Asker: 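First, the structure itself, so that you have it in front of you.
Numbers restart at 1 for each chain; the letters A, B, ... are given by sequence-line order, proteins then strands. Everything numeric here is computed off the predicted structure, so don't read it as measured data.
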Amino acid sequence: MDADTARERILAAVRAIPRGRVAGYGEVARRAGLPGRARLVARILSSNDDPALPWHRVLRSDGRIAMPAGSAGWREQGRRLRAEGVEVSAGRVRMPAQAPDEGLDALLWGPGPGA
DNA sequence: GCGGTGACTGACA
DNA sequence: CTGTCAGCCACCG
């Protein structure tokens, strides 16, 4: 597929993250049908201009905010996440692994529109 | 074409 | 826990 299609899919995957939930760059890439393209996801978000895109729900694989700690974007992301009820401490989000009752996939994406 | 860079990641020490 | 390393890939000078 071409670069434009890839971007569309990635943006769609990001938009699919439910409010109050988070997903990793690699996870988003995988959901977009582009496994291993975490860096592409990061690049897309960094150049994104859509104010409606929930970019703040995308985190690094270790649960930490990807931007430089203390930067404006870093603070903004933490603020938006907490505003949605996501627990954030020291720039880190509580990962789904701490809630073993449900599958990781279900926790990340929930029932979603397809269920 | 080439090397540097980055909102990345998993493996290892 | 922190650091280093090799992959990764689009973009830029």
Side-chain angles (χ1 to χ4, degrees):
Chain A
M1 72 177 70
D2 52 64
D4 297 303
T5 304
R7 172 162 52 227
E8 299 276 327
R9 292 203 182 193
I10 287 172
L11 291 177
V14 172
R15 279 190 272 259
I17 305 173
R19 191 172 186 283
R21 248 178 271 222
V22 298
Y25 286 88
E27 205 58 36
V28 170
R30 198 168 64 73
R31 285 276 166 176
L34 299 162
R37 304 294 192 87
R39 301 193 85 146
L40 177 57
V41 174
R43 218 197 78 64
I44 298 299
L45 292 190
S46 69
S47 62
N48 170 64
D49 55 347
D50 181 358
L53 190 74
W55 56 271
H56 56 281
R57 295 180 193 145
V58 186
L59 308 164
R60 278 169 52 162
S61 63
D62 58 5
R64 297 194 304 117
I65 292 176
M67 286 178 267
S71 68
W74 182 89
R75 290 193 299 273
E76 175 67 12
Q77 183 161 11
R79 193 155 47 99
R80 291 195 184 201
L81 287 173
R82 278 189 291 269
E84 294 186 352
V86 177
E87 290 185 52
V88 184
S89 59
R92 175 185 284 176
V93 167
R94 308 238 304 159
M95 287 268 88
Q98 296 185 359
D101 292 328
E102 299 178 51
L104 175 64
D105 200 270
L107 278 169
L108 280 175
W109 300 89

Asker: Within the 4.0 Å heavy-atom criterion, would you say A/Arg92 contacts the bases, only the backbone, or no part of the nucleic acid?
Answerer: sugar-phosphate
Asker: Is the shortest side-chain N/O distance from A/Arg30 to OP1 or OP2 of B/dC8 below 4.0 Å?
Answerer: no
Asker: Decide yes or no for A/Leu11 and A/Asp50: does some side-chain heavy atom of the first lie under 4.5 Å from some side-chain heavy atom of the second?
Answerer: no
Asker: Let me know the distance between CZ of A/Arg60 and P of C/dC8, rounded to the nearest Å.
Answerer: 19 Å
Asker: Nearest-Å distance, CG (A/Leu34) to P (C/dC9)?
Answerer: 11 Å
Asker: Tell which nucleotide pairs with B/dT5, taking only Watson-Crick or G-U wobble pairs whose two distances are both under 3.5 angstrom.
Answerer: C/dA10
Asker: Would you mind telling me which of B/dT9, B/dA7, B/dG6 lies closest to the side-chain atoms of A/Met67?
Answerer: B/dA7
Asker: Check whether any side-chain heavy atom of A/Glu76 lies under 4.5 Å from a side-chain heavy atom of A/Met67, and answer yes or no.
Answerer: no
Asker: Counting only side-chain N and O atoms of A/Ser61, is one of them less than 4.0 Å from OP1 or OP2 of B/dT9?
Answerer: yes
Asker: OP1, OP2 of B/dC8 versus side-chain N and O of A/Arg64: anything below 4.0 Å?
Answerer: no
Asker: Closest approach to the side chain of A/Arg37, judged atom by atom: which nucleotide of C/dA10, B/dA7, C/dC1 is it?
Answerer: C/dA10
Asker: Among B/dT9, B/dA7, C/dC8, which nucleotide has an atom closest to any side-chain atom of A/Ala42?
Answerer: B/dA7
Asker: Flag the pair A/Met1 / A/Leu34 as yes when at least one side-chain heavy-atom distance between them is below 4.5 Å, and no otherwise.
Answerer: yes
Asker: Distance check needed: B/dT9 C1' versus A/Tyr25 OH, whole Å only.
Answerer: 13 Å
Asker: By nearest nucleotide on DNA chain C, pick out whichever of A/Gly36 and A/Arg43 is the more 5' one.
Answerer: A/Gly36
Asker: Could you give the CG-to-C1' distance, from A/Asn48 to B/dA7, as a whole number of Å?
Answerer: 12 Å
Asker: I'd like to check A/Val28 versus A/Ile17 (side-chain heavy atoms, cut-off strictly below 4.5 Å). Are they in contact?
Answerer: yes
Asker: Is a side-chain N or O of A/Glu84 found less than 3.5 angstrom from the main chain of A/Pro18, in a donor-acceptor match?
Answerer: no
Asker: Without decimals, in angstroms, what is the distance between A/Leu53 CG and B/dA7 P?
Answerer: 17 Å
Asker: For the P atoms, the ones on B/dA7 and on C/dG7, what distance do you get once it is rounded to whole angstrom?
Answerer: 23 Å
Asker: So what does A/Trp55 touch, heavy atoms closer than 4.0 Å: a base, only the sugar-phosphate, or nothing?
Answerer: base
Asker: Nearest whole Å is fine: how far is B/dA7 C1' from A/Trp74 CH2?
Answerer: 14 Å
